[in-house]
Protein chains: 2
Amino acid sequence: MTLMTASADKPTTFVDDYLLYQLASASQVLSDEFHRKVKASGTKIHVWRVLACVVDQPGLMLTSLSKLVLYEQSRLTKIIDQMVDDGLVNKQPVAGDRRKMAIFVTAKGQDLVAPLMVSAKAHESKVLENLTDSEMTMLKRVLNKLCNLQT
Amino acid sequence: MTLMTASADKPTTFVDDYLLYQLASASQVLSDEFHRKVKASGTKIHVWRVLACVVDQPGLMLTSLSKLVLYEQSRLTKIIDQMVDDGLVNKQPVAGDRRKMAIFVTAKGQDLVAPLMVSAKAHESKVLENLTDSEMTMLKRVLNKLCNLQT
DNA sequence: CCTGAAAATATGCGATTTCATATTAGTTTT
DNA sequence: AAAACTAATATGAAATCGCATATTTTCAGG
């Protein structure tokens, strides 16, 4: 039999042994925890997310960035426009294709995101303290594997 | 040194080795995949989510259910009210505390959710085919551990 | 090059979500 | 047993999101 993942004594309910629920739950619980700090610092969650991604991969065009950030394109367009207004990022036309816009972080955006990235890594470390080294390594490896299955 | 999770050759970018991003990404990518099927069947995502949870743990009051479903309370109130109108669940006053409402699935709700749960498990199986048994076991165990850390 | 298809981004609007707070009910303290 | 506190749910207004679609530009075939 294949479905005996959880503790064998109590008959497992649906959601507790359903991978997509477990992923959503772990993601939400842990993210909410950190998001409280982000909000406390006066930054909106989506601004944090976008900045972290733009810093990570500067110069992406909107569509690619929307895949990285995991936000739908039209939503990201609106967020970016707002962030441009706020001086956090800028849109540069791409030479050779006048449709494309490359997104870069500004100095102001850098200043905003830098401490948050430090804080994010600190929070992550705290979370990971609860796992063994091998658990952590395997978790990250498996998560990456899962992400790259997308059909 | 502690932060060497990803392949040691390419200098890892921030998000790719950041647990909260990996969790969010895996969750979104895999959920979106299944959500396409849910939408195709004409059911809203949040209706699917709530039904699966109510079937799983019938009779929870709104607040407890909102924690299980991972939806904010006032949002769940509105969703449940709509679902009551649609005959998918019902709210029963709880004896002994007139504030509380216990949520149960109706026969119509059952009929709607049953095939989706089968489909969900089938989708999960397909996803899990890409992992070894020990990877799967450990993944689910670690995810549960992470969820229960919440401060 | 002209036409039709595809890609990248933008936009309008309806629907959903969130936030703060109201309301009602139970609990505790004195 | 009144006052103050806490808990459970509801509600209204503002913000956000998502869908469908428009617009502009590039690409591919004949």
Side-chain angles (χ1 to χ4, degrees), chain A residues 24 27-28 31-32 35-36 38-40 42-51 53-54 57 59-86 88-104, chain B residues 24 27-29 31-36 38-51 53-54 57 59-86 88-104:
Chain A
S27 179
Q28 270 245 65
S31 285
D32 279 358
H35 288 171
R36 277 198 291 277
V38 176
K39 286 179 192 166
T43 304
K44 303 239 162 124
I45 303 309
H46 59 255
V47 170
W48 148 246
R49 265 232 216 190
V50 170
L51 280 179
C53 288
V54 174
Q57 297 195 38
L60 287 185
M61 59 181 219
L62 218 41
T63 308
S64 317
L65 184 60
S66 85
K67 276 167 199 141
L68 185 65
V69 182
L70 305 168
Y71 287 158
E72 191 254 347
Q73 175 263 316
S74 73
R75 183 182 174 192
L76 183 62
T77 297
K78 288 163 195 167
I79 292 171
I80 291 286
D81 284 351
Q82 181 63 55
M83 290 174 71
V84 169
D85 287 349
D86 295 343
L88 299 173
V89 295
N90 54 51
K91 297 203 281 197
Q92 294 183 18
V94 171
D97 190 335
R98 275 174 298 174
R99 294 171 303 180
K100 296 185 182 176
M101 287 299 199
I103 316 295
F104 295 90
Chain B
S27 178
Q28 270 245 64
V29 166
S31 285
D32 279 359
E33 206 167 89
F34 177 61
H35 288 172
R36 277 197 291 277
V38 177
K39 285 180 194 165
S41 86
T43 305
K44 303 240 163 123
I45 301 310
H46 59 256
V47 170
W48 148 246
R49 266 232 216 188
V50 170
L51 280 179
C53 289
V54 174
Q57 298 195 38
L60 287 184
M61 59 181 218
L62 257 169
T63 308
S64 317
L65 185 60
S66 86
K67 275 166 199 142
L68 184 65
V69 182
L70 305 168
Y71 287 159
E72 191 254 347
Q73 174 263 317
S74 73
R75 181 182 174 190
L76 183 62
T77 295
K78 285 163 193 167
I79 292 171
I80 292 286
D81 284 351
Q82 181 62 56
M83 290 174 71
V84 169
D85 288 349
D86 295 343
L88 299 173
V89 296
N90 54 51
K91 296 203 281 195
Q92 294 183 16
V94 171
D97 192 334
R98 275 175 299 174
R99 293 170 304 180
K100 296 185 181 175
M101 287 299 200
I103 316 294
F104 296 90

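Letters A, B, ... are given to chains in the order of the sequence lines, protein chains preceding strands, and every chain is numbered from 1.
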For B:Asp97, salt bridge (Lys or Arg N to Asp or Glu O under 4.0 Å) partners two or more places apart: B:Arg99

So, with a heavy-atom separation below 4.0 Å from DNA chain C, the residues of residues 73-80 of chain A are A:Gln73, A:Ser74, A:Thr77, A:Lys78

With sequence neighbours excluded, what pairs up with B:Ser41 under the side-chain hydrogen bond (donor to acceptor under 3.5 Å, both in side chains) test? B:Thr43

Protein N or O to nucleotides 24-28 of chain C N or O, pairs below 3.5 Å:
from, atom 1, to, atom 2, distance (Å)
C:dA25, N3, B:Arg99, NH1, 3.3
C:dG26, OP1, B:Arg98, N, 2.8
C:dG26, OP2, B:Arg98, NH2, 3.0

Quick one: side-chain hydrogen bond (donor to acceptor under 3.5 Å, both in side chains) partners of A:Arg98, sequence neighbours excluded? none

Can you give me the bend angle of the helix from C:dC1-D:dG30 to C:dT30-D:dA1? Use the axis through the first five pairs and the one through the last five, nearest 10 degrees. 30°

The side-chain contact (heavy atoms from CB on, under 4.5 Å) partners of A:Lys91 (sequence neighbours excluded) come to A:Ile80, A:Asp81, A:Val84, A:Met101, A:Ile103

With sequence neighbours left out, the residues meeting side-chain contact (heavy atoms from CB on, under 4.5 Å) with B:Lys44 are B:His46, B:Val47

Residues that A:Ile45 engages under side-chain contact (heavy atoms from CB on, under 4.5 Å), provided they are two or more places apart: A:His35, A:Val38, A:Lys39

N/O contacts under 3.5 Å, protein versus nucleotides 2-4 of chain C?
none

Once side-chain contact (heavy atoms from CB on, under 4.5 Å) is applied, do any residues pair with B:Ser74, and if so which ones, sequence neighbours excluded? B:Glu72

First-last contacting nucleotides on DNA chain D - partner chain B, under 4.0 angstrom, heavy atom: D:dA7 to D:dC19

